Amino acid sequence: MTHNLDLAGALLVGLAGSAHCIGMCGGVSAALSMAIPANRQHFWGRLAYLLNYNLGRILSYVLAGALVGGLLATTSELGAGKQAIAGLRLVAALLMIALGLYLAGWWQGILLLERLGARLWPHIKPLAGKFIPFTSPVQALPFGMVWGWLPCGLVYSMLTWSAAAGSASGGALIMLFFGLGTLPTLFALGGLADRLRYWLTLRSLRLGGALLLMLFGIHTLWVGIASF
């Protein structure tokens, strides 16, 4: 079963990654806004579309987490499988530290992961166009599921962590909590919380989140090394 500390860490990554989310998802938010019918461009109308979009996005994260977590779980009873999971936890810890360095603006190495995924994205992105312009909020759900596969270093790092969970349910839970952590930023980008968007972009808040991530990564790395 996934440790509560893992879930707290996943939530922290989602919250602390707000600056990255704003950069990555700004274009998605613009496309989402333009696809909403003119007669629904009010608070409650936009809220309905944003809820469905984010539900679809998080469902994609949960599905991916369950897949990678379940894949490793099939070998967890074997000695090699256990060693692989322990090794993945070390990789996840290192990626956590790399994420902290990236969010603090001190190292951009995590962007290499996004470049790898960028090769596949052009084949997936056209699927989102099949659901716009929207005629109902429900159409925003599959639209969000497609955009959930957008190449993102934060997501890829969390998938490594999900694989190290050692079970489909554990991997799904980690991605669920990560997705929940990104909600404030995505709602702010959707125009429902302009003041929140201001706070999320503050340098001091981003640096504090980055330091917390690095401390968590160092702790996870220490525990992982001790388990060998």
Side-chain angles (χ1 to χ4, degrees), residues 1-22 24-25 54-55 57-70 72-73 76 82 85-107 110 113 148 152-189 193 196 199-228:
M1 186 64 183
T2 305
H3 197 282
N4 288 340
L5 194 59
D6 288 340
L7 300 182
L11 187 68
L12 174 63
V13 172
L15 289 168
S18 57
H20 184 68
C21 289
I22 288 171
M24 286 291 295
C25 300
N54 283 291
L55 177 59
R57 181 177 59 84
I58 293 174
L59 280 174
S60 287
Y61 294 165
V62 170
L63 175 61
L67 286 173
V68 297
L72 264 293
S76 63
K82 291 178 180 179
I85 290 174
L88 276 172
R89 289 194 69 85
L90 295 181
V91 172
L94 291 172
L95 285 174
M96 196 63 50
I97 296 169
L99 275 174
L101 292 170
Y102 168 74
L103 294 174
W106 296 334
W107 188 57
I110 202 73
L113 289 173
C152 174
L154 293 178
V155 175
Y156 295 160
S157 300
M158 293 311 302
L159 284 176
T160 303
W161 203 347
S162 296
S167 70
S169 61
L173 273 174
I174 284 175
M175 294 307 292
L176 172 62
F177 274 71
F178 165 71
L180 292 175
T182 65
L183 280 179
T185 304
L186 271 296
F187 275 106
L189 280 174
L196 177 61
W199 285 105
L200 288 172
T201 55
L202 284 178
R203 168 70 178 169
S204 56
L205 184 64
R206 185 173 61 191
L207 185 59
L211 291 173
L212 282 174
L213 281 179
M214 285 186 280
L215 286 173
F216 188 84
I218 292 169
H219 169 75
T220 304
L221 186 64
W222 177 265
V223 172
I225 293 173
S227 67
F228 274 94

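Here the structure is a predicted model, which is why all the values come from computation and not from measurement.
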Tell me the closest heavy-atom pair linking Ala210 and Gly100, and the distance in Å.
CB-O, 3.2 Å
Going from CG on Leu11 to CD1 on Ile174, what distance comes out if it is rounded to the nearest 0.5 angstrom?
12.5 Å
If you define the side chain from C-beta out and look only at heavy atoms, does anything of Val155 sit under 4.5 Å from Met175?
yes
Does any non-hydrogen side-chain atom of Asp6 lie less than 4.5 Å from one of Arg89?
yes
Taking C-beta and beyond as the side chain, do Trp106 and Leu207 meet within less than 4.5 Å on heavy atoms?
yes
Which heavy atom of Gly171 sits nearest a heavy atom of Ser162, and at what distance?
O-OG, 3.2 Å
Gap separating the CZ atom of Phe216 from the CG atom of Leu99, nearest 0.5 angstrom
12.0 Å
Working for side chain to side chain contact (heavy atoms under 4.5 Å, CB included), residues Leu221 and Ile225
CA-CA 6 Å; Leu221 186 64; Ile225 293 173; 4.0 Å; yes
If you apply the rule side chain to side chain contact (heavy atoms under 4.5 Å, CB included), what do you find for Ser157 with Val13, and how did you get there?
CA-CA 10 Å; Ser157 300; Val13 172; over 6 Å; no
Enter the distance from Leu59:CG to Leu176:CG here, rounded to the nearest 0.5 Å.
9.0 Å
Heavy-atom closest contact (Ala165 atom, Gly170 atom, distance):
CB-C, 3.7 Å
Which atoms form the tightest heavy-atom contact between Ile110 and Ala98, and what is the distance?
CD1-CB, 4.2 Å
So CG of Leu7 and CG of Leu12: to nearest 0.5 Å the spacing works out to 12.5 Å
Looking only at the aromatic ring of each residue, does the gap between the centers of Phe177 and Trp161 stay below 6.0 angstrom?
no
Minimum side-chain heavy-atom gap Leu103-Met214 below 4.5 Å
no
Just how far is it from atom CG of Leu101 to atom CG of Leu95, taken to the nearest 0.5 Å?
11.5 Å
Using a 4.5 Å cut-off on heavy atoms from C-beta on, say whether the side chain of Leu154 contacts that of Phe178.
yes
dist Thr160:OG1 -> Leu90:CG (nearest 0.5 Å) comes out at 12.0 Å
Minimal heavy-atom distance between Ala93 and Gly217, with the atoms involved, is CB-O, 3.5 Å
Nearest atoms (heavy-atom pairs only) where Met96 meets Leu213
CG-O, 3.4 Å
